[in-house]
Amino acid sequence: MMNFQELDAKWQQAWHEAKLFEVDSDKKPKFYLTVAYPYVSGPMHVGHGRTYTVPDVIARYKRMRGLNVLFPMAYHFTGTPIVGAAKRVTRREPDFVRVLTERYGVAEPELPKFEDPHYFATHFARESELSYRKGMEWLGYSIDWRREFTTVDPSYSKFIAWQYHKLYDAGLIVKGKHPVKWCPGCGNPVTDHDLLEGEGVGIVEFTLLKYKIDDYVIPAATLRPETVFGVTNLWLNPDVKYVSAQVNGERWIVSEQAVKKLRDQGYQVGEVSSIRINFGREVEVPLTHKRVPILPAKFVDPDNATGVVGSVPSHAPYDHVALLELQQHPDTLKAHGVKSSDVEGLKPISLIEVEGFGESPAIDVVNRIGIKDQTDSRLEEATAEVYRNEFAKGRMRSWVPKYAGMLVSRAKTAVCDDMLANNEAATMYEFSAKPVVCRCGTPVTVKVVEDQWFLNYADEGWKEKARACLARMDLVPPETRAQFEHTIGWLHEWPCTRSIGMGTPAPWDPKWIIESLSDSTIYMAYYTIAHILKTIDPAKLTDEVFDYVFHGKGSADSISRSTGIDRQALERMRREFEYWYPLDYRMSANELIPNHLTFHIFHHALLFPKLCPRGIISFGMAVLEGEKMSSSKGNIIAINEAVREYGADTVRLYLMSVSEPWQDLDWRTSEVEAMRRNLERFYSLAEEILVLPETGSPSFAQPELWMLSQLQRHVQAVTEALEAFETRKAVQHAFFFIMQNLRWYMKRAQQPEARAHMLKRVFNVWLRLLAPFTPHICEELWERAKSGGFISVAPWPKVEEGLIDEGAELVESYLGRVLEDIGKILRVVKVEKPKRVCLYVAQDWKWRAYRIAMTRVQDGRVDFGKLLRTVEKELGLRLHTADLAKYLQQAVQELRGMPEQDLKTLARVEVDELQVLLDATNFLREQLGVQEVRVFKAEDATRYDPQDRAKLATPMRPAIFVE
RNA sequence: GCGGGGGUAGCCAAGUCAGGUCAAAGGCGUGAGGUUUAGGACCUCAUCCCGAAGGGGUUCGCAGGUUCGAAUCCUGUCCCCCGCACCA
């Protein structure tokens with residue numbers, strides 16, 4: 001078995017020493033591509049391997065096309081997951097520690113160091129054997145490592161500060177309130193990663209409708225404020241403790257649990273005292289000013305929002321069932337001091353009409369399911385069904401004032417906004433599911449952050465700039481355009497600061513950190529100068545430096561004087577930026593279209609309006625043997641394990657061949673192993689070719705002409721595929737199809753010199769086609785073939801149009817077809833070792849008739865009678881007209897079914913079937929394993945044809961007889 | 001619900017935009033034969049069903065339709081996956 005790993009190391013070292021991938025501005029045309037830098041919260045696994053191999057393959061291809069290619073890399077340190085991971089180490093969470101020590105090779109005594117998020121990130125960025133830097137080196141990426149940085153480097157922070165000054169000055173940073181998940185125990189906002197329970201739980205916004213009684217406000221929480229028109233009563237839970245609290249200058253009645261939540265959510269909560277609820281008393285409904293009674297209901301959850309619910313029996317299954325129960329059990333009412341006469345008259349009020357439901361959807365659904373009790377758990381699904389239908393398809397009924405006819409989805413916000421404006425409503429947040437518990441064990445709450453900063457993507461002017469930028473971009477795959485367009489329209493204020501985590505302080509309000517998606521929108525510009533910035537004291541990097549470098553403002557001289565930065569360094573940065581920008585292609589995961597990638601467009605549109613990125617390629621996701629990978633659980637295959645096991649080129653070729661970049665990728669060990677065997681086979685074939693003797697320029701026969709022609713086709717296909725980023729298609733041609741062709745050719749080739757010459761010639765092209773995918777093996781073989789220089793920068797093969805030979809291709813496919821037909825016959829007659837195979841080539845008249853029919857078919861419509869007469873006349877044969885007609889019918893049908901291209905070729909090329917078969921007699925005999933292959937013309941009177949099969953011959957399909 | 005993607009032979013997956021070369025590429029798996037000291041690997045062939053002559057039959061989620069002809073176009077329908085925000 002080959003030791004590919006030795007080759008990997010050898011050539012990686014050679015590239016490094018030759019500084020082959022370190023590039024600066026140049027006279028040559030450039031190609032600049034980037035891929036989302038990794039978020040370093042764990043090791044680099046095979047899924048990342050695909051993400052980063054695609055740009056490397058493209059970079060290598062473009063380099064061979066003669067472009068000056070920049071492919072840089074950095075690491076994302078900003079944000080909470082790394083901090084969260086470090087915290088998990090601090091707490092010594094057993095599962096996490098186990099993954100770290102047993103799976104990721106961290107030594108037990110080292111653990112305390114991992115409590116520091118920066119250490120943690122650095123470890124997985126570049127120190128560990130499992131790190132991204134090592135993985136990328138092992139895979140032989142053609143990265144310019146001089147430009148490597150992290151997002152918490154001081155110079156990068158200066159760059160972010162410059163960017164955010166610009167955004168702030170443009171008025172696109174706004175301040176507002178914002179609900180977050182908050183852990184009272186930690187005193188921090190928490191993310192999903194920080195949760196013990198309740199992962200993926202959302203925050204929903206309730207509207208509190210202010211019902212009034214005397215001087216009190218009873219705020220009923222609802223997700224459907226538009227149903228206020230259908231309220232029949234208010235629900236409070238008789239078993240719950242309610243309190244009266246001073247809230248924003250009003251006296252509110254809420255459940256005891258709600259008080260703390262209101263306080264967290266920015267309400268001014270003063271004195272709190274207990275209160276007894278008088279069921280049966282009437283309260284005034286906001287907006288409609290109707291009076292409705294307070295009634296008892298056990299389904300009301302005191303821990304959900306305010307613990308008070310308005311009752312809309314027509315559209316809310318819970319309300320309908322609870323009301324029905326009260327009406328049927330007056331004794332319950334009596335216990336709470338309510339007169340049954342107060343309840344009897346309450347009738348559901350329908351305010352929404354929705355197709356497929358009657359007057360009251362809630363009642364329909366409850367009756368259909370057969371729910372009788374307000375504690376029935378099926379009420380949840382009933383509620384969901386009613387809500388879903390009403391929200392999607394419902395309209396407000398005509399009697400509803402002001403909102404009549406409005407779609408429920410619109411009325412919801414309209415009613416809510418109106419009521420908020422009149423102080424008849426308020427807003428409260430609650431989790432969509434419970435419980436939500438922090439890893440520290442404390443239940444998480446919703447907290448409204450008061451002075452949160454937002455990027456105002458809602459700004460129409462900004463959106464327009466982003467749309468203009470998008471319109472000019474090339475998107476791969478093209479279907480993503482709709483997603484981008486949709487996202488630009490849908491984005492509004494994005495909270496761009498955090499109170500915790502590593503990163504750059506917001507320049508105007510340094511107690512906040514710029515959030516991680518917000519600090520990685522235009523870093524492609526930073527790469528262009530990253531290596532030069534390393535020579536400059538970050539303290540000197542004022543805004544005017546970046547203004548000069550990126551916008552050409554001011555002069556190098558004056559900035560050099562005011563900052564103390566060397567003038568030439570400034571000029572060089574300006575030059576580099578101007579050379580490399582705009583970015584040619586951005587690659588990232590398609591799940592980032594709704595934020596990261598669209599932000600990238602927004603920020604470029606604003607800061608570099610004339611230098612918008614030229615294209616975006618969105619990758620699919622990666623799975624392992626059909627299962628989701630998860631770094632934190634350790635069920636991944638790390639890149640270093642994969643490379644150690646299979647070698648870099650196998651891993652690369654596999655990742656590129658298994659699916660196109662935008663499709664999902666499935667890493668399957670059995671297929672990776674098969675790929676390694678294929679590569680080994682390739683390598684041993686290459687070694688056979690290498691030792692072939694040099695020959696002069698022998699003359700070529702049919703097999704050589706065919707091989708050269710096929711090769712051109714593959715060069716063309718690989719080139720087109722790579723231009724379109726279709727790595728899988730490219731590998732199919734560059735690897736598998738050429739391999740297949742070569743096998744066929746080697747069986748077909750007759751003359752040893754021509755064969756040796758041809759193999760070497762094909763091999764030279766073949767290696768170059770494979771070099772972007774399997775660079776290490778290709779470098780090695782390139783060197784051993786004494787081709788000179790690095791193949792990594794060798795010229796990409798050109799299609800030699802003159803070598804495309806349709807005739808030669810037609811002949812080979814003809815032979816293939818003949819072989820296949822014989823094989824089928826042998827199988828059907830169950831003859832394993834035939835003694836003799838005879839072939840009979842179609843009679844001349846059939847060929848001539850065929851050619852005439854061919855021209856008719858090519859012209860389009862075939863007038864059969866006319867065709868028949870023409871043929872009869874032209875051939876001047878004494879044939880039975882019926883025989884001729886039958887044959888012509890068959891020929892026309894066959895020609896019609898033929899693809900246009902083949903028809904054209906056939907019309908253009910003369911094939912001497914007899915000669916072709918005679919030339920291939922040896923080949924056919926070997927392939928079939930028969931003693932004798934004989935070829936005749938069908939009309940040859942002396943032919944050997946005991947079963948008289950010759951008459952079955954048609955052009956391009958000889959008759960066959962096997963013995 | 002909104003936005004996007006998808007259902008193809010045992011599995012993965014091409015083909016669909018530009019209808020005929022499509023019983024449908026390629027890979028994996030499986031079977032037979034060859035080779036090898038054995039295992040492994042390698043090579044050849046086969047792998048929807050039927051067939052003692054290169055043929056026929058039935059297929060591309062399901063049901064209709066357009067067409068001489070549909071995996072491909074149209075209509076309807078069922079199912080699956082991803083994203084929907086403060087999370088990178």
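Numbers restart at 1 for each chain; the letters A, B, ... are given by sequence-line order, proteins then strands.
Counting any heavy atom pair closer than 4.0 Å across all strands shown, A:His178 reaches a base atom. Within 4.0 Å of A:Ser813, counting heavy atoms only, lies no atom of the nucleic acid at all. Backbone-only engagement by A:Val190 is indicated by non-hydrogen atom pairs under 4.0 Å involving sugar-phosphate atoms exclusively.
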Sequence neighbours excluded and cut-off under 3.5 Å, please list the side-chain donor-acceptor pairs for residues 75-87 of chain A, or say none.
residue: A:Tyr75; atom: OH; partner: A:Glu148; partner atom: OE2; Å: 2.4
residue: A:His76; atom: NE2; partner: A:Ser516; partner atom: O; Å: 3.3
residue: A:His76; atom: NE2; partner: A:Asp519; partner atom: OD1; Å: 3.2
residue: A:Thr78; atom: OG1; partner: A:Thr151; partner atom: OG1; Å: 2.8
residue: A:Thr78; atom: OG1; partner: A:Asp519; partner atom: OD2; Å: 2.6

Contacts table for residues 496-503 of chain A: side-chain donor-acceptor under 3.5 angstrom, sequence neighbours left out:
residue: A:Thr497; atom: OG1; partner: A:Gln452; partner atom: NE2; Å: 3.0
residue: A:Arg498; atom: NH2; partner: A:Pro495; partner atom: O; Å: 3.1

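The ring pair (Phe, Tyr, Trp, His ring centres under 6.0 Å) search around A:Phe725 returns A:Tyr585, not counting sequence neighbours. Legend: residues meeting ring pair (Phe, Tyr, Trp, His ring centres under 6.0 Å) with A:His48, ordered by chain and number and at least two apart, are A:His45, A:Tyr132.
Under the salt bridge (Lys or Arg N to Asp or Glu O under 4.0 Å) criterion, the residue pairs touching residues 447-456 of chain A are A:Asp451-A:Lys511, with sequence neighbours excluded. Pairs of residues two or more places apart, or lying in two chains, that qualify as side-chain hydrogen bond (donor to acceptor under 3.5 Å, both in side chains) and include a residue from residues 727-739 of chain A are A:His714-A:His733. Pairs engaging residues 810-819 of chain A under the side-chain hydrogen bond (donor to acceptor under 3.5 Å, both in side chains) rule: A:Gln702-A:Glu812, A:Trp744-A:Glu812, A:Arg748-A:Glu812, A:Tyr814-A:Glu913 [sequence neighbours left out].
Regarding A:Leu491, its CG atom lies at a distance of 12 Å from the P atom of B:C84, rounded to whole Å. In this structure, A:Arg481 places its CZ atom 14 Å from P of B:G4, rounding to the nearest Å.
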Please write out the pairs of protein N or O atoms and N or O atoms of nucleotides 6-17 of chain B separated by less than 3.5 Å, giving the distance to one decimal.
residue: B:A13; atom: O2'; partner: A:Arg728; partner atom: NH2; Å: 2.8
residue: B:A14; atom: OP1; partner: A:Gln663; partner atom: OE1; Å: 3.2
residue: B:A14; atom: OP1; partner: A:Gln663; partner atom: NE2; Å: 2.3

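Side-chain N or O atoms of A:Arg586 include none that pairs as donor or acceptor with a backbone N or O of A:Ile616 at under 3.5 Å.
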For every nucleotide of nucleotides 41-54 of chain B, 5' to 3': is a protein heavy atom under 4.0 Å from its base (B), only from its sugar-phosphate (S), or from neither (-)? SSSS-S----BSBB
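In terms of position on RNA chain B, the residue among A:Cys496 and A:Pro594 whose nearest nucleotide sits closer to the 5' end is A:Pro594.
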